[in-house]
Structure formats: C-alpha cells, structure tokens
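Quick caveat, the model's predicted, so the values are computed rather than measured.
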Amino acid sequence: MDLSICLKPSATLKPSLQSLNSWRKLSTFHPISNTSPFTTFSSHNNHSCTFKASFKDTTRISVAKQMNNNQAVVEDSKVYELSSLMALSPLDGRYWDKVKDLAPFMSEYGLIRYRVLVEIKWLIKLSQIPEVVEVTSFSDEAQSFLQGLIDGFSMDDALEVKNIEKVTNHDVKAVEYFLKQKCQSHPEIAKVLEFFHFACTSEDINNLAHALMLKEGMNTVMFPAMNQVVNAICNMATQNASVPMLSRTHGQVTSLSDYFRGRKWQFCCQIKQRKENNFSSYDIGKICRAVGNYNAHLMLYPNINWPRIAEEFVKSLGLSFNPYVTQIESHDYIAELFHAIIRFNNILMNFDRDIWTYILQRYFKQTTKAGEIGSSTMPHKVNPIDFENSEGNLGKANGSLSHLSMKLPISRLQRDLTDSTVLRNMGEGLGHSLLAYKSALQGIGKLQVNKACLNEDLDQSWEVLAEPIQTVMRRYGVPEPYEKLKELTRGRAVTKESIREFIGGLELPAEAKNNLLKLTPHTYIGTAVELAKSVDKFVNSVNGANALEDFYL
C-alpha cells in the first residue's frame, strides 16, 4: 500500500531534477566543515585564510585555493573522513550514506531553498493582482528568470545566503537580500525589488517552507521507506505461510507467518486511522503577517480581499490553508504527523525486539557476510546488529519526534522563537527513523527460517493440544474437560503417547476422536496459511471488515 496517499501531490513544487541530481552527486562529499580547520590554507603573504567549499556539479570534489600560482589541494576523501569523524551527530557522520536522501529536504540547505521558492512565488502572485499597480504582470521571460532561480538553486547559492546572514544576523532577511542581488540585473524585476517579502513576517515564509520540506521529504523519502518495511514483513508472511511455529503466546501453536501478518496489519491500521481522521493534511500553511489579521495589507490596499489572496497563494503551493492563526501557524499538523510516525516506529520497535528474541531461540539463522566479525572475542557469533541498530535508532527518533510534537503547538502569547530553533531539528527525528527502517530491512534480508529448530520445538510441545481436546470435550458434554486436561498436563511431561492415550479413553463420537488422534502440534494452526496468503487483500482494502467477509464467504 502506498503511504504517500496521505499527502496531496504537488509535482510542480518538487525540487527540480537538476537540483536533486546535483545534490546526489554532491552527497558523495560530506557537507560538514565548510569552515573546518582542515580547509585552511596559507597564502603567499603568510596570512591565514579559510576557504569555504564551493560545491559544483561534479562527482569528485577537491577543496582547493589558487593564490598567486600557489595551489593547495586537499583530496575530498580525506576531507570526508575528517569531517565525518568530527560530526557531532552520527547522522552527519557514520550514517551519512544511509540518510543523505533526506538532506535536500530537511537540511538547512533545504530550508533556504524552500524559502527562496516561497519568496519568489509570492512576488509572482503580487504581480497577478490588478490592484497592486506597482507590480505589473511579469512577462514570460521575467517569470522564466524567476523560475530559473528556483530550479537552479545550488549549494553555491545557499552559501551566498549564509554569507549575507553573517551580516544581517537574520536568516529570512538574508534570503530577501540574496534575491534582490540576483534580480538587480534583470530590468523588469529590478523595478520591484522592494516587493520581495512584501507584507510578510518571517513566519509567513518559514511556515510555508517547513510545510514544503515535510511534504516533499515525507513523500519522496520517508513514506517509500516505510512502505518497504511493510512490504518486506508481508513477504515474510506469505513466504512462510505453511511453516508452523510454537508461539510464545503461552506456548500456543501458530504459523510463523502469523507473526509477520500481525505486524503488517498493525502498520496498516495506522494508515487507516490517519485516513479516517483526515490526517492527510500534513501540509498546512498561512501568510497573513504578524498577528493574523492582514493589518498592513489593508492599510496599503484596502480594496483587496487579502484572506482570499492568501488562501489562493497557499493552495497554489500545493498546501492546505489555515485561515485562523496568530503570528505563527499553530504547528498542530506537524504534531499529528510526528505522533503518527511515533506509533509506526513503536510497532517496528516491537518487531525488532521480537525478531531479536526469535534469533536467540534459534528460530532464525542469519546469513553471514565474508570478512564480517560478530564479536571481538567469540569467533562463532553472528550478532543481530541490524535489529539492535533499528531498535536503538527508533528510540532516538521517538524521543526527538515526541519533543517536537509536544513543544511545537505551544507558544507564548502570539509567538516566541522557541519553535524556530526546535523546527531546525525535524531532520533529526526523521533521519533516525529512516536509519532504523533501513537497518530493519537489512536485517530482514539476512533472515533464514530454521525449520529444524521449529520442528524440534513442536515435537517437544504436545501439551499445546490440551486446548483443542478440552474444547471438543465441551462440545460433546464430557464433564470437567478443563480440569481433566489440567490434571494431565500441568507440571508433567506430556508426550505424543500420553496425549493419544488420554484421547483414546474419552467418550466421544468416533469421527471426533479420530480427528483428535490425527492432530499434532505441527498441524494445529487453524487458518494461518489462508490468512497469510490473503494478507495483501486485507491491507489493500484498508477496511478489515470487508476483507474478512470476502475471505469467509
């Protein structure tokens, strides 16, 4: 089932192919330490200078500075290793390769890029309002120029914005100044430079940028990864539909597939709940200046229906419109999204722990990899590191997402800036979640069912047949069936022979007795096979009642 249905598509706002391809090439180089001590060079006059890496569209990047024919080069591989070792977060160091797909959306680069998009789109919107006579309708060439600033936004551009911010000490104002500089050379746009950021507060730009970051990051990276996890578990269910297993639910026999089927159904119930509660609006925004009343707008242009203009603009970005806000959008949708991810993560965490336990019980073997070491002292060990890694990162992710979901809806009076610094950490919770999903998938890919161990366990567990025997006894009126089975099984070794001897002494119809005598722990699995093979039907229907009806009819 495609989880991306939870978000409305906005293909026109996705990062340009050029931009994403540029990032993918750049992601072979680590974006940390642009001003690290490892990129400091000496010039001909012995003054120290710090070179800020200028990221170009190339698969191999060297950091270099040419000064009076004296060139110093540090190979990108060494810089990568050093910057990785100096990373404060393992997401930006050790685990970068596994989470880098999120970076174009959830990094500061992504935030700046989406701010640029919003500022430009707002200027274009102003040009389409006849009453705003100072900004006439842009020509096709001017609109193409502005769109080119969005589509061609690069790491160089982001670094230029950061340099401006060093002077302004204001990140959104730096974006405005950056765009004014870029558009000075265009005669048509140069006439209206002051209408960049017109009637906007920083939060007008930021809330829309954050919504776009989340929307595209979830649809492009997170939901596909979550889908992969769900589908991998479903495949385990169908592939092992007929493999019996002694369940750890009080020793009840089930099918190995029952476990995987149950986890998938849990995941998909989360999808169903989000749909039923209209949690599809993970993409809400506003643009109404400082207190939500369009005060400045109406002072300048009192005859314009600004609430309608704001709604049109927000919806043109592919977002839902929030008409009732203070200075900030309330962030409730972010809290809902992160709570939903936390529930998904909790289910996967339970799965990780269970599989770890099944590996401990030898129900699963793990494929080995040449050269890989499980323990520094015990050569025989093959540690379940993938599931441990997944579990640990899910906990880290949930801690971050929980803080965000609890803090973001709370703001002092009309606003304070605690939300601003917290929102910069959205990538952390999502990054650890993504890392956990990939680790779980890697672990699932190594699993091999140990049928010999499963069979051995079942052969030693004839007591599980006490349940069907006493149930049949109840049907045919045999007195005290539970008590008699309790006396037979509790605290005693139960064998195939003792069970069959007990069945033989029961006063039951011949057919019922024969059916019980044929029963073994290996065959007492109910409809496990059929349910496992039909799990996709259940999931795709989303409505379990209809699927159950179809199944049984």
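In terms of heavy atoms, Tyr333 sits closest to His210 at OH-C, 4.2 Å. Smallest separation of non-hydrogen atoms from Ser107 and Met213: O-CE, 4.1 Å. Taking every heavy atom of both residues into account, Val464 and Tyr524 meet most closely at O-CE2, 4.2 Å. The shortest heavy-atom contact between Pro224 and Met218 is CD-O, 3.7 Å. Across every non-hydrogen atom of Ile444 and Phe387, the tightest pair is N-CZ, 3.5 Å. Heavy-atom minimum distance, Leu91 versus Gly427: CD1-O, 4.4 Å.
Proximity of a side-chain donor or acceptor of Ser498 to a complementary backbone N or O of Thr495 within less than 3.5 Å is detected. The backbone N or O of Asn450 sits nowhere less than 3.5 Å from a side-chain atom of Arg362 that would complete a donor-acceptor pair. Checked by atom type and distance alone, the side chain of Ser405 pairs as donor or acceptor with a backbone atom of Leu401 at under 3.5 Å. With hydrogens and angles disregarded, a donor-acceptor distance shorter than 3.5 Å links the side chain of Asn425 to the backbone of Thr421. Proximity of a side-chain donor or acceptor of Thr523 to a complementary backbone N or O of Thr520 within less than 3.5 Å is detected. The closest donor-acceptor contact from the side chain of Lys486 to the backbone of Pro481 lies at 3.5 Å or more, if one exists at all. Side-chain atoms of Asp457 do not come within 3.5 Å of backbone N or O of Cys453 as any donor-acceptor pair. Side chain of Lys407 to main chain of Ile410: a donor-acceptor pair is present (N/O by atom type, distance under 3.5 Å, no hydrogens or angles). Without hydrogens or angle criteria, Lys513 side chain to Gly504 main chain gives a donor-acceptor distance under 3.5 Å.
Between Tyr437 and Phe344, the ring planes are perpendicular. Angles over 60° get that label, and only those under 30° would be called parallel.
Taking a 6.0 Å sphere around CH2 of Trp356, one finds it holds 12 or fewer heavy atoms contributed by other residues, nucleotides or ligands. A 6.0 Å sphere centred on CZ of Arg474 holds more than 12 heavy atoms belonging to other residues, nucleotides or ligands. Atom CD of Gln239 has more than 12 heavy atoms from other residues, nucleotides or ligands within 6.0 Å. Sparse packing is recorded around CD of Glu507, with 12 or fewer heavy atoms of other residues, nucleotides or ligands lying under 6.0 Å away. In the displayed structure, Gln448 atom CD is contacted under 6.0 Å by more than 12 heavy atoms of other residues, nucleotides or ligands.
Distance check, rounded to the nearest 0.5 Å: CG of Asp97 to NZ of Lys438 gives 9.0 Å. Here CE of Met406 is found 11.0 Å from CG of Leu404. Values are rounded to the nearest 0.5 Å. With rounding to the nearest 0.5 angstrom, the CD1 atom of Ile385 is 12.5 Å from the OG atom of Ser390. To the nearest 0.5 Å, atoms CZ (Arg353) and CG (Leu348) are separated by 11.0 Å. One finds the NZ atom of Lys451 at 14.0 Å from the CE atom of Met245 (value rounded to the nearest 0.5 Å). The structure places CD1 of Ile355 at 14.0 Å from NZ of Lys446, a figure rounded to the nearest 0.5 Å.
When side chains are defined from C-beta on, Asn398 counts as touching Met349, because their heavy atoms get closer than 4.5 Å. Taking 4.5 Å as the limit, some side-chain heavy atom of Met473 sits within range of a side-chain heavy atom of Leu485. Between Lys484 and Gln470 there is no side-chain heavy-atom pair separated by less than 4.5 Å. Within the 4.5 Å cutoff, the side chain of Ile499 has no heavy atoms near those of the Phe502 side chain. Two residues are said to be in side-chain contact when any heavy atoms from C-beta on lie closer than 4.5 Å; Leu434 and Lys98 fail this criterion. In this structure, the side chains of Met222 and Leu102 come closer than 4.5 Å at one or more pairs of heavy atoms. Residues Lys286 and Leu208 form no side-chain contact, since every pair of their non-hydrogen atoms from C-beta on lies 4.5 Å or further apart. Side-chain contact between Met426 and Phe338 is present, with heavy atoms from C-beta onward closer than 4.5 Å.
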Practice item. Please test Ile334 against Ile284 for side-chain contact (heavy atoms from CB on, under 4.5 Å), starting from the C-alpha separation and ending with a verdict. Key: CA-CA 9 Å; Ile334 301 178; Ile284 299 174; over 6 Å; no
Exercise for review: Might you work through the side-chain contact (heavy atoms from CB on, under 4.5 Å) test for Leu317 and Leu117, ending with a clear yes or no?
Suggested key: CA-CA 10 Å; Leu317 298 178; Leu117 182 153; 4.0 Å; yes
Point to revise | Residues Leu430, Val99; criterion side-chain contact (heavy atoms from CB on, under 4.5 Å); working and verdict | key: CA-CA 9 Å; Leu430 297 181; Val99 300; over 6 Å; no
Practice item. Begin from the C-alpha positions of Asn345 and Ser433 and carry the test side chain to side chain donor-acceptor pair (under 3.5 Å) through to its verdict. Key: CA-CA 7 Å; Asn345 288 354; Ser433 295; 3.1 Å; yes
Point to revise | Step-by-step side-chain contact (heavy atoms from CB on, under 4.5 Å) determination, Ile233 to Val229 | key: CA-CA 6 Å; Ile233 292 174; Val229 171; 4.1 Å; yes
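A donor atom on one side chain and an acceptor atom on the other are found under 3.5 Å apart for Asp459 and His522. Side-chain contact of Thr489 with Glu463: a donor-acceptor pair under 3.5 Å is absent, judged by distance alone. Between the side chains of Asn389 and Asn393, at least one donor N or O sits under 3.5 Å from an acceptor N or O. In summary, the side chains of Asp386 and Ser439 do not present any donor paired with an acceptor at a separation below 3.5 Å, with no hydrogens or angles considered. Neither side chain, Tyr114 nor Glu216, offers a donor N or O lying under 3.5 Å from an acceptor on the other.
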